[in-house]
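Down below is the structure, laid out as structure tokens.
Predicted model only: the values in this text are computed from it and were never measured.
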Amino acid sequence: MKRVIIIAGALAIVVIAAVALRPQPLLVNMTEVSTRTVKQYVSEDAETRLADTYLIDMPVSGTVERIQLDIGDRVEQGQVVARVDPFDLEQQIREMDAAIAQARARIQGVDTSKPKPEDIDDADVKVQEMKDGLAIAQKERSIAAIEQADTKRDYDRLVQLRKDGVVSQAQFDTAERRYKAANENLKRAGLAEQAAKKTLERAGLALQRISGSVDDNEYLRDVYLAEIESLEARKKIVQNDLAKTAITAPVTGLVLAKSVEDRRVLLSGSPLLELGDLATIEIESDILSEEVVTINVDDPVEITGKALGGEMIMGTVKRIYPSGFEKISALGIEQQRVKILVDFDNSRLQLRPGTSVDIRVITAENTDTLAVPERATFRHEGQWAVFLVHDGHAKLTPVKVGLRNDDWAEILEGVQAGDTLVAEPKNELDDGMRVAPL
């Protein structure tokens, strides 16, 4: 009996030693293969900017009143943002109204008045004045034609450059506005020249009639009618200028720049304010050249960032620039990048230009597909692999990977839904090794 007890004790010691010396399983994080949506995307920092800006300039020469707006102020479309002192223009209209009334009063006396020698001299002086006026009008029209031709060349050039995507919408809009303004100035100069020609014609006719028939004063009626016609033509020009003295905002937006602070005299075309249309705000981002090749126009974009208060909104790729540029990264690495523009709805958030955001451009997406955590996959002998867990042992399993991102990897072959695998393989983990959940 003593011998049996000794033998049994020895066997127990051997068993305990074997168990104690047996390798312990490696503790690892485990997870299951699941079915989910996997997106492939390009992540990058970005910033909002305004696609369209509007330059407000002096519509007529004159004295601009002090502009009360400051940079950053919001204005509504149609709001008066600046005023030109209308006093000079109003006085010109009053003067013309008085001259028209005087001419009409003289018409009433045509039947009772007779031409006098001084009337002939006055008519001759009128002819000379009208000739001088016509010469001035012709010169102004010639200058306006030259300016119109110059702006047209710039506009035609920018039309082509705009098609090629070389210039911004704001530059194109500025050239277009200048071209339209030049057309209006040319039209206005042409009207002034026509009015001067008519006045000269009437004045010449009046001089001819008064010289040929001193006793016939009916010619005065035509003289005064011509004078009235000329005054009314000039009055329309001044009235048109007067209507422009209240300068309004063409769009709802923000004041981006202010060229004039105090009241001062300025020529027509002098810049006053620059406005930005918040409705045209977009996002600009610099994408690595090797990543931009996977991006296409109209690709969906996830937009996040502190400015959105933890919210995510969607946008779309609006434009991919045709050429790249070099940029030094924060780590001092020289990189080749390409700009893209992202369109989104800013009506609710009202983000301002220069706001930093984060974007993810979704380049591919598969739904209801097998997926594992991205960190569970690794490269082994030139192909992707995972460690499946069977009966407490890690099994090295080759897999075929589809879409992948920072969080998930799509598995096309090699695993099934519900399989257990190592979520984060450790360096010491090897095929066939015993594992246990952490």
Verdict with supporting geometry, Arg188 and Asp241, salt bridge (charged side-chain N to carboxylate O under 4.0 Å, His left out): CA-CA 11 Å; Arg188 176 180 171 191; Asp241 288 345; 2.6 Å; yes

With a sphere of 6.0 Å drawn around [atom1] of [X], does it hold more than 12 non-hydrogen atoms of other residues, nucleotides or ligands?
{"X": "Arg352", "atom1": "CZ", "value": "no"}
{"X": "Gln350", "atom1": "CD", "value": "yes"}
{"X": "Lys152", "atom1": "NZ", "value": "no"}
{"X": "Arg36", "atom1": "CZ", "value": "yes"}
{"X": "Lys198", "atom1": "NZ", "value": "no"}
{"X": "Arg337", "atom1": "CZ", "value": "yes"}
{"X": "Phe87", "atom1": "CZ", "value": "no"}
{"X": "Arg74", "atom1": "CZ", "value": "yes"}

Quick one: [atom1] on [X] to [atom2] on [Y], what's the gap to the nearest 0.5 Å?
{"X": "Asp52", "Y": "Glu282", "atom1": "CG", "atom2": "CD", "value": "8.0 Å"}
{"X": "Tyr155", "Y": "Arg157", "atom1": "OH", "atom2": "CZ", "value": "13.5 Å"}
{"X": "Ile359", "Y": "Ile362", "atom1": "CD1", "atom2": "CD1", "value": "10.0 Å"}
{"X": "Glu311", "Y": "Leu308", "atom1": "CD", "atom2": "CG", "value": "6.0 Å"}

What pair of heavy atoms forms the shortest contact from [X] to [Y], and how long is it?
{"X": "Val317", "Y": "Asn296", "value": "CB-O, 3.6 Å"}
{"X": "Val292", "Y": "Ile287", "value": "N-CG2, 3.8 Å"}
{"X": "Trp408", "Y": "Ser34", "value": "CZ3-OG, 4.4 Å"}
{"X": "Lys39", "Y": "Asn405", "value": "O-ND2, 2.6 Å"}
{"X": "Glu44", "Y": "Ser285", "value": "CG-OG, 3.3 Å"}
{"X": "Thr248", "Y": "Ile56", "value": "O-CD1, 4.3 Å"}

Donor-acceptor contact below 3.5 Å, side chain [X] vs main chain [Y]:
{"X": "Gln91", "Y": "Asp88", "answer": "no"}
{"X": "Asp85", "Y": "Thr63", "answer": "no"}
{"X": "Ser289", "Y": "Gln336", "answer": "yes"}
{"X": "Gln40", "Y": "Ala364", "answer": "no"}
{"X": "Ser43", "Y": "Arg360", "answer": "no"}
{"X": "Thr48", "Y": "Thr355", "answer": "yes"}
{"X": "Thr31", "Y": "Ala423", "answer": "no"}
{"X": "Gln79", "Y": "Glu76", "answer": "yes"}
{"X": "Thr252", "Y": "Gln77", "answer": "yes"}

Partner of Arg49 under side chain to side chain contact (heavy atoms under 4.5 Å, CB included), chosen from Thr280, Leu341, Ile283, Ile281: Leu341

Option from Ile411, Val399, Thr420, Val372 for which side chain to side chain contact (heavy atoms under 4.5 Å, CB included) with Val33 holds: Val372

Residue pair [X] / [Y], side-chain heavy-atom distance below 4.5 Å:
{"X": "Leu256", "Y": "Ile71", "answer": "no"}
{"X": "Leu429", "Y": "Leu26", "answer": "yes"}
{"X": "Thr363", "Y": "Tyr41", "answer": "no"}
{"X": "Ile303", "Y": "Phe344", "answer": "yes"}
{"X": "Asp407", "Y": "Glu374", "answer": "no"}
{"X": "Pro398", "Y": "Trp384", "answer": "no"}
{"X": "Val81", "Y": "Ile67", "answer": "no"}
{"X": "Pro59", "Y": "Ile247", "answer": "yes"}

Check against salt bridge (charged side-chain N to carboxylate O under 4.0 Å, His left out), Lys318 and Glu284: CA-CA 10 Å; Lys318 176 182 178 182; Glu284 179 182 83; over 6 Å; no

With Arg153, the side chain to side chain donor-acceptor pair (under 3.5 Å) member among Asp150, Thr151, Asp156: Asp150

Option passing side chain to side chain donor-acceptor pair (under 3.5 Å) with Glu65 (candidates Arg264, Arg263, Arg83): Arg263

Set of salt bridge (Lys or Arg N to Asp or Glu O under 4.0 Å) partners for Lys258, sequence neighbours left out: Asp70, Glu261

Stepwise side-chain contact (heavy atoms from CB on, under 4.5 Å) check, Asp45 with Asp358: CA-CA 5 Å; Asp45 298 332; Asp358 300 316; 3.3 Å; yes

No-hydrogen, no-angle side-chain donor-acceptor test under 3.5 Å, [X] and [Y]:
{"X": "Arg202", "Y": "Thr199", "value": "no"}
{"X": "Asn185", "Y": "Gln148", "value": "no"}
{"X": "Glu410", "Y": "Asn366", "value": "yes"}

Lys/Arg-Asp/Glu bridge criterion (N-O < 4.0 Å) met for Arg104, Glu232: yes

Carboxylate-amine/guanidinium proximity below 4.0 Å for Arg178 and Asp154: no

Worked check of side-chain contact (heavy atoms from CB on, under 4.5 Å) between Leu272 and Ser259: CA-CA 5 Å; Leu272 298 176; Ser259 302; 5.7 Å; no

What donor-acceptor contacts under 3.5 angstrom involve side-chain atoms of residues 128-142, with partners at least two apart or in another chain?
residue	atom	partner	partner atom	Å
Arg141	NE	Glu193	OE1	2.4

Worked verdict on Lys235 versus Asp97 for salt bridge (charged side-chain N to carboxylate O under 4.0 Å, His left out): CA-CA 8 Å; Lys235 180 180 175 181; Asp97 286 338; 2.6 Å; yes

side-chain contact (heavy atoms from CB on, under 4.5 Å) between Ile328 and Gln335, worked out: CA-CA 6 Å; Ile328 305 300; Gln335 299 173 332; over 6 Å; no

Ile237/Gln239 under side-chain contact (heavy atoms from CB on, under 4.5 Å): CA gap, chis, key distance, verdict: CA-CA 5 Å; Ile237 294 174; Gln239 286 175 327; over 6 Å; no

